[in-house]
> 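I have a structure I would like to understand better, so I am pasting it below and will then ask my questions one at a time.
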Amino acid sequence: NEAAGLLPLHSPEVPVRHWGLRALPGLLKLLAQQSLDADVLNALQPLGDAQLAVYAAQAAAGKQRELQKMGLAWLRRWPLHAASGLLPHALGKTPHTAAAQAMLRRLLQPDAHGQPGAVARKLQAWAAQLPHADMAAAAQAFFQEDPLLRHPAKVPALPLADPAAGITS
């Protein structure tokens with residue numbers, strides 16, 4: 001199965017259709033070797049695994065519209081796998097932190113009535129059961145944080161200063 005990552009494949013969907021989730025090690029090796037494209041993201045769709053969440057988030061946060069749709073489709077189809085795969089990146093300092101935070105916020109958006117959606121309720125219940133208390137507390141803080149409070153609503157005015165006169169306020 002690991003050899004699937006070494007074979008030249010015309011389409012990564014073939015091993016996924018044939019072996020299902022057992023093709024994941026080869027698919028992960030393939031993802032590490034090449035950039036994301038539509039064929040690879042299409043092969044990810046039937047597989048639900050936390051290791052794939054970062055790749056789906058990268059595609060959803062990217063600039064190509066087709067890849068964005070496919071990445072968001074995976075994240076919506078597998079929300080618990082997405083959360084468990086993205087939460088360590090969203091709470092830590094990794095190269096994927098910004099994309100992970102953005103995609104988790106998107107999954108946690110409230111419904112039309114302002115109540116947490118079904119996905120958000122499942123994620124909060126999942127985070128409450130994390131094995132370490134500090135991880136559970138950090139996850140709950142992330143879920144309850146308002147991203148709009150991170151940026152000031154109004155940029156303060158610059159203080160008056162005259163460098164030539166040596167006057168600063």
Side-chain angles (χ1 to χ4, degrees), residues 1-111 115-132 134-136 138-143 145 147:
N1 189 10
E2 294 235 355
L6 302 175
L7 296 174
L9 295 173
H10 297 292
S11 173
E13 289 182 55
V14 173
V16 170
R17 275 193 309 226
H18 188 266
W19 290 304
L21 203 52
R22 291 179 300 171
L24 187 63
L27 188 61
L28 289 172
K29 192 174 280 190
L30 181 70
L31 284 167
Q33 293 172 355
Q34 72 180 38
S35 62
L36 286 173
D37 60 5
D39 288 338
V40 174
L41 283 173
N42 201 22
L44 297 182
Q45 296 303 320
L47 301 177
D49 193 271
Q51 297 175 51
L52 301 174
V54 173
Y55 298 106
Q58 283 177 341
K63 295 182 180 179
Q64 295 180 358
R65 194 169 291 271
E66 181 184 4
L67 298 183
Q68 286 176 348
K69 289 179 184 177
M70 295 174 91
L72 284 173
W74 189 94
L75 292 168
R76 288 185 182 126
R77 183 174 184 181
W78 306 102
L80 292 178
H81 293 295
S84 61
L86 293 177
L87 195 60
H89 294 284
L91 296 177
K93 300 287 184 211
T94 68
H96 311 293
T97 298
Q101 287 179 348
M103 291 306 115
L104 269 179
R105 295 263 181 243
R106 202 166 191 174
L107 287 173
L108 294 172
Q109 286 180 342
D111 62 11
Q115 300 298 320
V119 172
R121 288 193 301 272
K122 285 181 185 177
L123 294 181
Q124 289 174 348
W126 170 81
Q129 297 173 358
L130 288 173
H132 300 288
D134 57 341
M135 288 171 52
Q140 291 298 337
F142 179 82
F143 293 147
E145 179 186 33

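All values below come from the heavy atoms of this structure, side chains included, with hydrogens, waters and symmetry mates left out.
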> Where is the tightest heavy-atom contact between Ala59 and Gly71, given as atom of each residue plus distance?
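Smallest interatomic distance, heavy atoms only, reads CB-CA, 4.2 Å.
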> Applying side chain to side chain contact (heavy atoms under 4.5 Å, CB included), can you list everything that pairs with Arg76, at least two apart in sequence or on another chain?
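Leu72, Arg106.
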> Go through the structure and list residues passing side chain to side chain contact (heavy atoms under 4.5 Å, CB included) with Gln51, not counting sequence neighbours.
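Here the qualifying residues are Leu24, Leu28, Asp49.
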> So which heavy atom on Ala53 is nearest to which on Gly85, and how close?
CB-CA, 3.9 Å
> Give me the atom names and distance for the closest heavy-atom approach of Leu67 to Ala38.
CD2-N, 3.6 Å
> Backbone N or O of Gly62 within a donor-acceptor pair of the Gln68 side chain at under 3.5 Å?
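Yes, Gln68 side chain to Gly62 backbone: donor-acceptor pair under 3.5 Å.
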> Kindly compute the distance separating CG (Leu41) from CD (Glu66), expressed to the nearest 0.5 Å.
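That separation rounds to 9.0 Å.
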> For Gln45, check side chain to side chain contact (heavy atoms under 4.5 Å, CB included) against everything at least two apart and list the hits.
Asn42, Met70, Ala73, Trp74, Arg77
